[in-house]
Amino acid sequence: ASTIASLCWTRAATSLTMEEACASPLPKCQVKTLQQEKKVTLGSSTSTAPTLLQSIHVEVSQQSVKGHLGSPSKRVGMAVLQDPAASQKSVNWRQTLCSTWRVASLLFRDNKTCCLATVILISLCLVLVIETCLTMWLAHLFKQVTNAMAYHDEVGFYAVLRRIVFGCCAYLPLSCTQQALSGAFALEWRRKITGHLMSKYINNGQVYYRMKSDAPDIDNPDQRIGQDVAEFTLSVVVVLMTSVSSVMQMAVMSGVLISISTNLFLYLFLGSLFSTVLFLKVFGSRLMRLTRAVLAQEATFRFSLIRIREHAESIAFYQGASFELMRCSQIFCRLMSTQYQKLAVQVAFTGGHKAVITFANFVPTLLIGPQIFQGESDLGTIGQTNILFGVLLASMTTLVTQLNTIANLGAQSVRIDQLRQTLAELDDAGAIGNSRGCITLHELGDGGDSSASLESNSSVSFENGSNVKVVRLQVENVTLQPPSCAMPTVSNLSLALYEGESMLVCGESGIGKSSLLRAIGGLWAGGQGTITRSATRRCFFVPQDPYLCLGSLRENAEYPGRGDIVRTDADIEEALNAVNLGYLASRHGLDTDVDFESVLSGGEKQRLGFVRLLLRQKLEFAILDEATSALDSENEDLVYQLLCKRVQCYASVGVGSRYVYSADAQSCGRKAMTQSRRAQQ
């Protein structure tokens, strides 16, 4: 009942919070012209309108957006999202144990971490042995206390009581030591597993990028590396310590209980074995499957809310609050449904387990009671037997009492192992490819390769700025097959670019212009043919929407940064001033952490992308993917002039008629290039 109340409270609070967040409207402006229509140029001092208030009248009206959490599927045109739980494959106990071992063994594959883990484990085992012996001693002392009270031995009673107090005081530091060692063990375990996964996920092989197309079934790798690994290490340490403690207690206390009553020990052993097998068989796999589904759905729900935060401005302009509320409500309602299914299994399991424990507590009294009546045992034996029986019952049913933890552990180990295997496969593959072949990418040395053959195709236009025979890019018979695409976007393409030449790739949207740049950059390799270009360290990519890292203006300007190159404040400020961004340094400073993703406009982000290019040294080739689409003509001219002075060869993507700049040392003129059918193909 308490869990149901908690789930209902969670549903109501989350739904209300989402409703309030999405129902807060932006002021909706209704513009009515009071005079004859006039053209107002923002930021211009020559505007014909005296003031904005004389030109327009603004009425602000607020409208609330109401979401219907209970019926997300009733919205017309609303697509039903795919349930991530539906794609969860059934995993048996054997596969779960194998996954757990593969993930857990990462700690013991390195000599340094293996030695540290061994020391901690030995210390933990030593503490557990002392705790077990202390428990045995306390059980014996409780027997003496009971006998002292039965025989009215006041002196003996207080003497034993003092020893019990001493034992309890000794137990407290042992418990703290065990918690400290187990916590340190879990943290070091997490450090090793997380470090291993991050090194495979974030590396020069761009696995983090290729996973989106090559492994779409691996949902939320960020949650698996962060949250799942943290919870896995804590769970496995809890289960491991509980299991080791239970084994020690059974080894030490079983002999004492057998000496008191052999029948009682047999009943305890057989009953514990039967209940463990029964509960694991009936509830174990169900709990594990539902736990995996909950983890996936929780991650999807958080991701949907994160997307709203990241794209808040676009959603606000589109007035898409009601749509986003419906989407989030769909995911949240599905999560609540799975939580209730898990709750039903947990209630049945908890009820059965408590029933077994309740009835089992009567067994020692039923078996030892007659012996006391017949004078075969003293009164203190019943107290000692109850303590031993309770401890051994808890030890023999450890797997049952820890079933929820084991279910979480199994679900997390499967998710982490799936990610680990996928990362290993992608890392070994080296590049995106498919069964139809793979494009071969060759990188030239620092000085280029003047002996490379030139095979030109009339379907691609390029401009010769000089007669230098140093190849910076050569494409030979390339057929590009993008991931998850049945038809190639480029077929049998051949071209070459020498130093001093530039190339414009133009055409209709969606025909594969950016795909060609991805192949040149080495991100896509599906298809066939050969691409030869300058070495990666001599190339630079300027995207349409530059990535801004979490950090300062210096870190964003130098991104991704190289430890062997030191750039002074003057270098960075000079590059910023060159693209008309010098005010950023005076406004935010160079070393203050700022969320530039939400501060800068699209044009400022693109100019910051060119700052990164200006700060790179010894560049030979640049790739631009509509890198000036958000710039005005004046700033566009400026950045292309800087580009021509900085890089002698580049390829640019544009939509429709764009511009190609000559890299002549005397002038950097602009030549309009009309779009042709050949260029589109």
Side-chain angles (χ1 to χ4, degrees), residues 91 93-135 171 174-197 224 227-254 272-273 276-277 279-280 284-285 287-288 291-292 295 353 391-417 420:
V91 180
W93 281 99
R94 183 175 179 276
Q95 294 172 321
T96 302
L97 291 175
C98 292
S99 297
T100 304
W101 169 250
R102 284 193 293 265
V103 174
S105 62
L106 293 174
L107 179 65
F108 302 95
R109 296 180 184 177
D110 181 73
N111 292 332
K112 182 178 179 180
T113 56
C114 181
C115 293
L116 179 61
T118 302
V119 171
I120 296 177
L121 277 177
I122 293 176
S123 302
L124 271 173
C125 291
L126 181 61
V127 172
L128 290 175
V129 169
I130 297 175
E131 284 186 343
T132 303
C133 295
L134 186 59
T135 303
Y171 188 84
L174 287 175
S175 178
C176 295
T177 303
Q178 179 189 351
Q179 183 177 4
L181 290 174
S182 59
F185 190 43
L187 290 176
E188 291 301 321
W189 215 334
R190 181 188 180 186
R191 186 202 300 273
K192 180 61 180 179
I193 297 176
T194 302
H196 173 79
L197 294 177
R224 300 185 188 222
Q227 180 179 342
D228 287 353
V229 171
E231 294 180 356
F232 168 81
T233 52
L234 289 176
S235 298
V236 74
V237 168
V238 169
V239 173
L240 181 61
M241 294 300 101
T242 305
S243 301
V244 172
S245 178
S246 299
V247 171
M248 291 182 177
Q249 289 172 354
M250 287 188 291
V252 174
M253 298 183 182
S254 296
S272 300
L273 180 62
T276 299
V277 174
F279 281 113
L280 291 179
S285 58
L287 271 179
M288 197 172 300
T291 301
R292 290 175 59 206
L295 290 175
H353 180 248
V391 173
L392 287 175
L393 178 62
S395 300
M396 293 182 181
T397 58
T398 297
L399 295 180
V400 177
T401 55
Q402 297 291 327
L403 187 57
N404 282 324
T405 304
I406 293 174
N408 292 331
L409 171 62
Q412 290 151 0
S413 65
V414 171
R415 287 171 57 82
I416 297 171
D417 190 47
R420 184 194 62 82

Engineer: I'd like to know whether Q412 forms a side chain to side chain contact (heavy atoms under 4.5 Å, CB included) with L295, so could you lay out the CA-CA distance, the side-chain angles of the two residues, the decisive distance to 0.1 Å, and finally the verdict.
Structural biologist: CA-CA 8 Å; Q412 290 151 0; L295 290 175; 3.9 Å; yes
Engineer: By side-chain hydrogen bond (donor to acceptor under 3.5 Å, both in side chains), which residues pair with D228, not counting sequence neighbours?
Structural biologist: R415
Engineer: At their closest point, which heavy atom of A186 faces which heavy atom of L234, and how far apart are they?
Structural biologist: CB-CD2, 3.9 Å
Engineer: Measuring from T291:OG1 to N404:CG, what's the distance to the nearest 0.5 Å?
Structural biologist: 7.5 Å
Engineer: Under 4.5 Å between any side-chain heavy atoms of Q95 and V414, yes or no?
Structural biologist: no
Engineer: Looking at H353 and V400, what are the two nearest heavy atoms and their distance?
Structural biologist: CD2-CG1, 3.3 Å
Engineer: Side chains of L287 and I406: closer than 4.5 Å at any heavy-atom pair?
Structural biologist: no
Engineer: Give me each pair satisfying salt bridge (Lys or Arg N to Asp or Glu O under 4.0 Å) with a member in residues 393-406, each pair once, sequence neighbours excluded.
Structural biologist: none
Engineer: Could you tell me which non-hydrogen atom of M288 sits nearest to which non-hydrogen atom of A407, and how far apart they are?
Structural biologist: CG-O, 3.8 Å
Engineer: Can you give each donor-acceptor pair under 3.5 Å made by side-chain atoms of residues 120-135, sequence neighbours left out, with the distance rounded to 0.1 Å?
Structural biologist:
unit_1: S123; atom_1: OG; unit_2: V119; atom_2: O; d: 2.9
unit_1: T132; atom_1: OG1; unit_2: L128; atom_2: O; d: 2.8
unit_1: T135; atom_1: OG1; unit_2: E131; atom_2: O; d: 2.8

Engineer: Could you note down all residue pairs passing salt bridge (Lys or Arg N to Asp or Glu O under 4.0 Å) where residues 396-411 supplies at least one of them, sequence neighbours left out?
Structural biologist: none
Engineer: Mind checking whether T113 and F108 have side chains closer than 4.5 Å, heavy atoms only?
Structural biologist: no
Engineer: Suppose we screen for side-chain contact (heavy atoms from CB on, under 4.5 Å). Which residues come up paired with A394, at least two apart in sequence or across chains?
Structural biologist: none
Engineer: Got a sec, which residues hit side-chain contact (heavy atoms from CB on, under 4.5 Å) with Q227, two or more places apart in sequence or on another chain?
Structural biologist: Q223, E231, R302
Engineer: To the nearest 0.5 angstrom, please state how far the CG atom of L97 sits from the CH2 atom of W101.
Structural biologist: 12.0 Å
Engineer: I need the minimum non-hydrogen distance between A230 and T233, along with the two atoms involved.
Structural biologist: O-OG1, 2.8 Å
Engineer: Which pairs count as side chain to side chain donor-acceptor pair (under 3.5 Å) when at least one residue sits in residues 181-197, sequence neighbours excluded?
Structural biologist: E188-R191
Engineer: For S413, check side-chain hydrogen bond (donor to acceptor under 3.5 Å, both in side chains) against everything at least two apart and list the hits.
Structural biologist: T100
Engineer: side-chain contact (heavy atoms from CB on, under 4.5 Å) with R102: which residues, sequence neighbours excluded?
Structural biologist: C98, S99, D417, R420, Q421
Engineer: Can you name the residues that form a side-chain hydrogen bond (donor to acceptor under 3.5 Å, both in side chains) with T397, not counting sequence neighbours?
Structural biologist: none
Engineer: Only pairs at least two apart or in different chains count here, so list each salt bridge (Lys or Arg N to Asp or Glu O under 4.0 Å) that has a residue in residues 233-245.
Structural biologist: none
Engineer: Going from SG on C176 to CG on L181, what distance comes out if it is rounded to the nearest 0.5 angstrom?
Structural biologist: 11.0 Å
Engineer: Among all residues two or more places apart in sequence or in another chain, which pass the side-chain contact (heavy atoms from CB on, under 4.5 Å) test with T242?
Structural biologist: V238, S246, T398, Q402
Engineer: Can you see which heavy atom on R224 is nearest to which on I416, and at what distance?
Structural biologist: O-CG1, 4.1 Å
Engineer: Tell me whether S254 contacts the main-chain N or O of A251 through its side chain, where contact means a donor paired with an acceptor under 3.5 Å.
Structural biologist: no
